[in-house]
Colleague: 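Can you keep this structure in mind? I'll have questions shortly.
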Amino acid sequence: MTIRVIIVDDQAMVRAGFAALLNAQSDIDVVGDAADGAQALEVSGASHPDVVLMDVRMPGMDGLEAARRLLEPAVPGAHRPKVLMLTTFDVDDYVYEALRAGASGFLLKDAPPADLIAAVRVVAAGEALLAPSVTRRLIEEFARNKPARRRDPKLRLNGLTPRETEVLELIARGLSNQEIAGGLVLAEQTVKTHIGRILAKLGLRDRAQAVVLAYESGLVTPGQ
């Protein structure tokens, strides 16, 4: 299956470079691009991409607002692509907020080309948190310095079994499914089943939101 991608960045050369790289892959097709968030919404509505590469900082509507609108469309049942945020900095206030809004992860603009290609494939497959160690550091930084407005998220965790809570904690520490399986002496498929149940019970879209909730609930604390 071909992965349909749109690229959103206010720099034309960045869009062109990313498009050339991704279009060279047999399983990826760049179906559109946009220079700002408002245009991204129009292009996404017309092309129904699987993945949106979204720059964080743009004039007009920025990437955060565009991501929110794509991930929580005003029209029920509207197409919702996966959103992968692009940023120049590995600790960025906007990126943290985008993860809370449901973005599947983020990628540094200066990452090697192979990382960009892999990121698109990983996100399209429904996974999240490319480069989990960097993402974990970002979330720790903002959980420490800018606590979110909390609405008793610990109450939400009470619906998890002890094993599911343990798996959530390991996800938040940046472990892969394989690493979690090895640490808990479980089959990797069993870990995937636990993660699916965690997301369903907590009403989360993916691992990125699970990590954010684990920090905001106090299940995992920065520097722990």
Colleague: Please round to the nearest 0.5 Å and tell me the distance separating atom CD of E179 and atom CD of E188.
Modeller: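 The CD atom of E188 is 10.0 Å from CD of E179, to the nearest 0.5 Å.
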Colleague: Please report the C-alpha distance between I117 and L22 in whole Å, then the side-chain angles of each, then the deciding distance to 0.1 Å, and finally whether the side chain to side chain contact (heavy atoms under 4.5 Å, CB included) criterion is met.
Modeller: CA-CA 7 Å; I117 296 167; L22 295 175; 4.2 Å; yes
Colleague: Nearest 0.5 Å, please: how far is CZ in R173 from OH in Y215?
Modeller: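 Atom-to-atom, Y215:OH and R173:CZ are 7.0 Å apart.
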Colleague: Measuring from D29:CG to N23:CG, what's the distance to the nearest 0.5 Å?
Modeller: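 Rounded to the nearest 0.5 Å, the CG-CG separation comes to 6.0 Å.
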Colleague: Show me the donor-acceptor pairs within less than 3.5 Å that the side chains of residues 37-51 make with the rest of the protein, sequence neighbours left out.
Modeller:
residue, atom, partner, partner atom, Å
Q39, OE1, A35, N, 3.0
S47, OG, V43, O, 2.7
H48, NE2, G45, O, 3.3
D50, OD2, R4, N, 2.7

Colleague: Contact between L186 and H194 at the side-chain level, heavy atoms closer than 4.5 Å - yes or no?
Modeller: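 They are in side-chain contact.
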Colleague: Which heavy-atom pair separates K82 from S104 by the least distance, and what is that distance?
Modeller: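 Answer, listing the atom of K82 first, then S104: CD-OG, 3.8 Å.
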Colleague: If the condition is side-chain hydrogen bond (donor to acceptor under 3.5 Å, both in side chains), which residues does K109 pass it with, not counting sequence neighbours?
Modeller: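 Testing K109 for side-chain hydrogen bond (donor to acceptor under 3.5 Å, both in side chains), a comparison that skips the adjacent residues, returns D9, D55.
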Colleague: Tell me every residue that passes side-chain hydrogen bond (donor to acceptor under 3.5 Å, both in side chains) with R163, counting only those two or more places apart in sequence or in another chain.
Modeller: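 In terms of side-chain hydrogen bond (donor to acceptor under 3.5 Å, both in side chains), with neighbours along the sequence ignored, R163 is linked to E166.
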Colleague: For the pair D10 (side chain) and M58 (backbone), establish whether a donor and an acceptor sit closer than 3.5 Å, ignoring hydrogens and angles.
Modeller: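 Between the backbone of M58 and the side chain of D10 there is no qualifying donor-acceptor contact (under 3.5 Å).
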Colleague: How many angstroms lie between CD in E164 and OG1 in T193, if you round to the nearest 0.5 Å?
Modeller: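 Separation between the atoms: 10.5 Å.
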Colleague: For the pair L184 and V191, evaluate side chain to side chain contact (heavy atoms under 4.5 Å, CB included) and give the outcome as yes or no after the intermediate values.
Modeller: CA-CA 9 Å; L184 298 180; V191 173; 5.7 Å; no
Colleague: Kindly indicate whether the side chain of L86, heavy atoms from C-beta on, has any atom under 4.5 Å from the side chain of V14.
Modeller: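 Contact flag for L86/V14 side chains = no.
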Colleague: Could you grab the distance from atom CZ of R121 to atom CG of D27, nearest 0.5 Å is fine?
Modeller: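 Here the interatomic distance stands at 4.0 Å.
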Colleague: Taking the side chain from D62 and the backbone from L64, do they hold a donor-acceptor pair closer than 3.5 Å?
Modeller: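 Side chain of D62 to backbone of L64: a pair is present.
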Colleague: Do the side chains of L53 and L116 get nearer than 4.5 Å, heavy atoms only?
Modeller: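 They are in contact (side-chain heavy atoms under 4.5 Å apart), so the answer is yes.
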Colleague: For the atom pair CG (L175) and CD1 (I180), what is the distance rounded to the nearest 0.5 Å?
Modeller: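 So the CG of L175 and the CD1 of I180 are separated by 5.5 Å.
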Colleague: Let me know which of V211, L202, L213 forms a side chain to side chain contact (heavy atoms under 4.5 Å, CB included) with L168.
Modeller: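 Option passing the side chain to side chain contact (heavy atoms under 4.5 Å, CB included) with L168: L202.
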Colleague: Nearest heavy-atom pair of A210 and L199: which atoms, and what distance?
Modeller: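 Looks like CB-CD2, 4.2 Å.
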Colleague: Please find the pair of heavy atoms, one from N177 and one from I195, that lie closest to each other, and give the distance.
Modeller: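 Taking N177 first and I195 second, the nearest heavy atoms are OD1-CD1, 3.1 Å.
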Colleague: Quick check: do V120 and Q25 have side-chain heavy atoms less than 4.5 Å from each other?
Modeller: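 Of all side-chain heavy-atom pairs linking Q25 with V120, none is under 4.5 Å.
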Colleague: Might you point out which heavy atoms bring P81 and L71 nearest each other, and give the distance in Å?
Modeller: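 That would be O-CD2, 3.6 Å.
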Colleague: List the steps, then state whether side chain to side chain contact (heavy atoms under 4.5 Å, CB included) holds for V56 with M85.
Modeller: CA-CA 6 Å; V56 172; M85 305 303 296; 3.9 Å; yes
